[in-house]
Amino acid sequence: MTQSTTPEPRFARDWKTILVIALTVYSVALCLRLLDYSGWTHPFFKVDGEFILGTHDAYHWVAGAEGTGFAVGQPPSMFVAFFAKLFGVSAAQAGFWLPVLVASLVGVATLLWAWTLGGVEAGICAGMLAALAPGFLNRTRLGYYDTDMVTLLFPLLTGWAVAFWLKPRLRPGWPLLQRLISRVKGKDRIKAKGETSLDTAGDTPVISREWKGLLWMLGAGLATRYFGTWHGYIDIYSKLVLCVALVLVLLTARPGYRPLLLWGLSIFGLAAFVGWFGLG
């Protein structure tokens, strides 16, 4: 059998590399965003010692954090209120700095994707480019406290969490397509690249031994449920992730693994999208 040349991602083995690259990517993205600060030093950009905010939505969420308006109790308002209390500053001050701090995490999320797909070093450039994409950068500058800072970050994390669990349990290729090619070429079978001993019928997993993976999917579902409260389009994207994952499981699951993967996706979907009933 052909062995994969790309090792499966393992935190215990790769965490030092991930940490160094993540800090590098995050620091570069943050520092480039902070270059804007030099333009905010003029007194005209402050009112009563607080920087003015860049959008009307930012004031909407800050007002909610202070108990005023329709945004009271909404996730963005609660988020900025938490950090304001944590650092002992006003909600407006927290709203001024949070966009650059949160949006720079997009680089880290992109790095996790690169690592999972077998190219952790690629996460250096990919992470910086994702975090500093012009349109995204322009909407996540100092003072732009709005949902823009998470509408890219949260979907990236949702997709990565599902992909990280599925990847070692899926065949690297498309078996149906390979069978079609093999018939055209007159061969019995073309093995998928990276096929390992997990492709034997006798290696059916026992769900009781996979409880950590199922807990991972439960955690991913709960996180996705929270992500969806920030913006409706995040929830729509997350449902698309579930649909794509379902298709991949049905078409490319390793022999014997399909029931386990369907259990995991069911747990994820119920926790994320079916409210309290699904969570129960």
Side-chain angles (χ1 to χ4, degrees), residues 4-15 17-19 21-22 25 105-127 129-131 150-177 192-196 198-199 205 210-228 233-273:
S4 174
T5 58
T6 302
E8 296 297 340
R10 296 183 183 277
F11 278 117
R13 180 193 62 218
D14 301 330
W15 70 270
T17 302
I18 295 173
L19 179 62
I21 297 178
V25 171
L105 290 172
V106 164
V108 179
T110 305
L111 164 63
L112 292 175
W113 267 102
W115 168 61
T116 300
L117 297 178
V120 63
E121 294 83 1
I124 301 175
C125 291
L129 291 173
V150 298
T151 49
L152 179 59
L153 174 63
F154 285 169
L156 278 174
L157 290 176
T158 292
W160 170 76
V162 176
F164 176 75
W165 186 68
L166 289 180
K167 184 176 183 293
R169 298 167 177 85
L170 299 179
R171 296 187 184 190
W174 291 79
L176 293 179
L177 179 60
K193 182 181 179 182
E195 194 172 41
T196 67
L198 286 176
D199 289 314
E210 292 276 352
W211 63 271
K212 290 184 179 179
L214 297 179
L215 285 179
W216 174 270
M217 293 302 285
L218 174 61
L222 294 176
T224 299
R225 183 178 182 180
Y226 173 71
F227 295 163
Y233 287 123
I234 295 177
D235 195 50
I236 293 174
Y237 176 87
S238 300
K239 292 176 181 177
L240 179 61
V241 167
L242 178 61
C243 292
V244 172
L246 178 61
V247 172
L248 288 175
V249 166
L250 293 176
L251 295 180
T252 68
R254 295 185 186 274
Y257 272 71
R258 189 170 289 110
L260 169 69
L261 299 183
L262 292 176
W263 269 109
L265 292 182
S266 297
I267 291 173
F268 171 82
L270 288 171
F273 308 122

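As the structure is a prediction and not an experimental result, all values here were calculated from the model.
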Discussion item. Using 0.5 Å steps for rounding, measure from the OG1 atom of T110 to the CD1 atom of I124.
Written reply: 13.0 Å

Worksheet item: So, R254 side chain and P168 main chain: donor-acceptor pair closer than 3.5 Å or not?
Response: yes

Discussion item. Would you compute the distance between atom CG of L111 and atom CG of L156 and round it to the nearest 0.5 angstrom?
Written reply: 11.5 Å

Worksheet entry | Crowding at OH, Y233 (>12 non-hydrogen neighbours, <6.0 Å) | no

Discussion item. Can you tell me how far apart CG (D235) and CG (L240) are? Round to the nearest 0.5 Å.
Written reply: 11.5 Å

Discussion item. Using side chain to side chain contact (heavy atoms under 4.5 Å, CB included), reason through Y257 and E210 one step at a time and then give a plain yes or no.
Written reply: CA-CA 11 Å; Y257 272 71; E210 292 276 352; 4.3 Å; yes

Fill in: Test side chain to side chain contact (heavy atoms under 4.5 Å, CB included) applied to F273 and L242, step by step
CA-CA 10 Å; F273 308 122; L242 178 61; 3.8 Å; yes

Item to complete: Could you pull out the closest heavy-atom pair between L117 and K167, with the gap in Å?
Response: CA-CE, 4.0 Å

Worksheet entry | Contact summary for V25 and G127, nearest pair of heavy atoms | CG1-C, 3.7 Å

Practice prompt. Report yes if the side chains of V249 and L265 come closer than 4.5 Å at any heavy-atom pair, otherwise no.
Written response: yes

Worksheet item: Just by distance, do the side chain of W263 and the backbone of L214 share a donor-acceptor pair under 3.5 Å?
Response: no

Worksheet item: Hey, what do you get for CG (L270) to CG (L218), rounding to the nearest 0.5 Å?
Response: 10.0 Å

Worksheet entry | Distance (rounded to the nearest 0.5 Å) between Y237 OH and T151 OG1 | 12.0 Å

Worksheet item: Which pair of heavy atoms, one from V108 and one from A22, lies closest together, and at what distance?
Response: CG2-O, 4.0 Å

Fill in: Criterion side chain to side chain contact (heavy atoms under 4.5 Å, CB included) against T158, the qualifying member of I234, T224, L153
T224

Worksheet entry | Approximate separation, where rounding is to 0.5 Å, of S266 OG and M217 CE | 9.5 Å

Worksheet item: Okay, side chain of R169, backbone of A253: is any donor-acceptor separation there less than 3.5 Å?
Response: no

Practice prompt. Measure from the ring center of W165 to the ring center of F268 and say whether it is less than 6.0 Å.
Written response: no

Worksheet item: Which heavy-atom pair separates G107 from A131 by the least distance, and what is that distance?
Response: N-CB, 3.7 Å

Worksheet item: Nearest heavy-atom pair of W160 and L112: which atoms, and what distance?
Response: NE1-O, 3.2 Å

Worksheet item: Given the rule in the side chain to side chain contact (heavy atoms under 4.5 Å, CB included) test, do V120 and D14 qualify, once you have shown the distances and angles that lead to the verdict?
Response: CA-CA 9 Å; V120 63; D14 301 330; over 6 Å; no

